[in-house]
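Remember, it's a predicted structure, so these values are computed and weren't measured experimentally. Convention: sequence-line order gives letters A, B, ...; per-chain numbering from 1.
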Amino acid sequence: MPNRFVRLPAFVAIGLLVGAACGGSSSGASEKPTKVEIAVEAPWAKFAGDPISGQLYGFQEVIKLANAAGGVHGTPIQGLVWDDNFDPATAATVQAQGLDDPYFLGLIGPSNSVTSLGTMQTLQAHSISFISWFATNPKVTDSGYSVAHRVCSRDDTEAPASARFMVSKGAKRIEVLASRQDQTQGLADALVGWLKTNAPDVVVQRDTVQNGQSDYSTIITKIKAFNPDWIYFSADDNVEVPPLATQLRQAGFTIGKNLNWMGSDGQFDPALITKSQGAWEGAYVPNVFPDPTSVPSAQSMVAHMKADYGADFIDTKAGPWWGAVAEATQILIQAIQRSPVKNGKISREDVLYHLNHDTFDTLFGPVKFDSKGDVAGAGVYMFQAKGSVMSYLGPISLS
Amino acid sequence: MDPITLALQQTVNGLTLGSLYALIALGLALIFGVLEMLHFAHGEVYMIGGFAAVGVAAVLLGVHGVTIPPILVVGVMFIAAMAIASVLGVAIERVAYRPVRNLDRLAPIITGIGVSYILRNIAQMKSGGLWVPVQASALVPQTNLHIGSISAPFMAVVLIVVSLFLMLALDAFVFRTTLGAAIRATAQDREAAGFIGINIEQVIFVTFILASALAGASGALFALRYGGLDSQIGFLILIKGFAATVIGGIGNLRGAMFGGLLLGVLESLVGGFISTAFQDTFVFVLVIVVLLIRPWGLFGERPLERA
């Protein structure tokens, strides 16, 4: 009998030791994942240029720094680059590469609302968390998918902020133009709605621009008859901006003098100044995240980016988007790092749990997602086309 | 602005737009007349012609220390646009249409759509899908011309005048030359035209040269009028070009001209007086109405009923 009492604890102790050696621990702190993959998704080729290159560099820079600091428990993070061509079907095709890959743990992007909305159901079915930096359509996080997150602010924040800005500058008559897309029409609807409620004295005329439209003579004739002091143009494809700006100038409107231009976030592109032969200079453009070069807490990351990609590129060409991509990537990597490793793997569910519950340290400061996947208190920031750059004016008051 | 002035102003605006539609519709009608097929890559020929013109302007205006007279630059732009578009048009016919010409009628439509996608995607990748500007202010006066209270940019007037000239020149070629007669004969009955000694392959070659050169010239006019272009312009105008040919009468050259101009003017009037949101809807309502009332188009001839 005494022998049995001696043997039982010994077996239990041996069993625990064997279990620990085989990876049975749930702490995971000491175990190394076999592989860690994340991806960034955007229409890289379609919008080839400095701003979108900057966004890719933002993703790569964060991974580089994270890997230099040990990656995920010693395993380097592999950053995949997926091109969705701004098309949900293409997005679904590229995402299929990661769906059944057990080491694929999350997606930075899709960059746009249309691709996010078109693929989020599949991502949800595979528990793949995604963090978009530019999908501003409210439906992205209002649809109830727990995998959906974004670091940018929403259209229903941006449009009222733009309206508030115009009114604060004394707007009396506003020509509201929107291209024929759900998102741009939604922005225009939200703007007009805010004006009706909060600034009923402001007179509004509304027109629709066909996607890719080049001839604005019909609309400009109407604008001349309406004689506005502001034009609000909500367009996603920037191909519409240069011809409209140049034709307005030809019709006698000078932006910043007898007509002010307020664009939507998609128009944040200093190249539009030269593409419109200077006619667009003076235009205001809101953005859904801050300019990292103007945020004190982001200066360390800005210095890393400048060291790797050049100060001129970061200061004048890349725009502010790279900061948001870097922020999203930092969040996802931290969520992965905080998840336990079991049998060399990290589960997507654990990553999702941390994304939805933790606070993360980012270049813009601490970030926590709300129950929908939006960043609580995400702001809107105003820029103005000046010289050859988009000059940062500061945050717009949201209240 | 009173309603009559507004209507006149929108009519002038519409004529500019309609002139481009008419030039594209003419090319489509010409090719349809001869080959009885819809040339789905015609919009891309127009787009590439425009890019050729913009490229030539960039090179000529970028030569340091040499001042080339603007009129010369514009002339070279047009020649380059028409030449490159013609070569492209003929190449498309050889590669995408000729091998499937005698197959099912669907085959050339599919190959045409395929070529259209390929060309558009190449242009999109090369241009980044963005607006590619041309320094129009260095090439054409940016002033407005006025008649009473109606005004139009100088280049819009040039576009209308040049388009009308090209339309009339094509009309004269087709209706007053031997080669034009051969084109008409082929359009009427390709087999019979072959029996009387007309070289059908030569007619097809000339047809594609003419249609493509017109498209190239239109692309150059577009770039000068709007100060640049992007890779999507071909697709957008192709739809309007098809609509114009249906309204005028498929395969009918004069009908295509009229259809294009009518479409441009009505589109502007709808945008000006009803809503800019319904311009495109209106175009297709008009096409449906024409097809219901006169399926052969406004200028087409009613087909003879067989006894």
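Heavy atoms from other residues, nucleotides or ligands lying under 6.0 Å from CZ of B:F278 number 12 at most. Heavy-atom neighbours of B:L72 CG from other residues, nucleotides or ligands within 6.0 Å: above the threshold of 12. Heavy atoms from other residues, nucleotides or ligands lying under 6.0 Å from OH of B:Y117 number 12 at most.
When side chains are defined from C-beta on, A:D215 counts as touching B:Y226, because their heavy atoms get closer than 4.5 Å. A:T208 has its side chain out of reach of B:Q279: every pair of non-hydrogen atoms, C-beta onward, lies at least 4.5 Å apart. Between A:Q247 and B:R225, the closest side-chain pair of non-hydrogen atoms falls below 4.5 Å. At a threshold of 4.5 Å between non-hydrogen side-chain atoms, the residues A:S214 and B:W131 count as touching.
Using a 4.5 Å cut-off between heavy atoms, B:L20 does not touch chain A at all. In this structure, chain A has no heavy atom under 4.5 Å from any part of B:F235. With a threshold of 4.5 angstrom between heavy atoms, B:V12 does not approach chain A through any atom at all. Heavy atoms of B:L130 lying under 4.5 Å from chain A belong to its backbone as well as its side chain. Residue A:T246 touches chain B through its side chain alone, counting heavy-atom pairs closer than 4.5 Å.
Of all heavy-atom pairs between A:K222 and B:G271, the closest is NZ-O, 3.2 Å. Minimum interatomic distance between A:K224 and B:S151 (heavy atoms only, all atoms of both residues): NZ-OG, 3.9 Å. In this structure, B:S268 and A:T218 approach most closely via the heavy-atom pair OG-OG1, 3.1 Å.
Here the rule is side-chain contact (heavy atoms from CB on, under 4.5 Å) with B:T276, and of A:V209, A:L177, A:I219 only A:I219 fits it.
A donor-acceptor pair under 3.5 Å links the side-chain atoms of B:N144 to the main chain of A:Q250, judged by distance alone.
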From CA spacing to verdict: side-chain hydrogen bond (donor to acceptor under 3.5 Å, both in side chains), B:N13, A:T221: CA-CA 9 Å; B:N13 296 339; A:T221 299; 2.8 Å; yes
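Contact count versus chain B (heavy atoms, under 4.5 Å) is highest, among A:Q213, A:R249, A:R180, A:R206, for A:R180.
Listed by first and then second residue, the salt bridge (charged side-chain N to carboxylate O under 4.0 Å, His left out) pairs that reach into residues 235-244 of chain B are B:K240-B:E267, B:K240-B:D280, sequence neighbours excluded.
Atom CG of A:N85 is separated from atom CD of B:Q124 by 6.0 Å, given to the nearest 0.5 angstrom.
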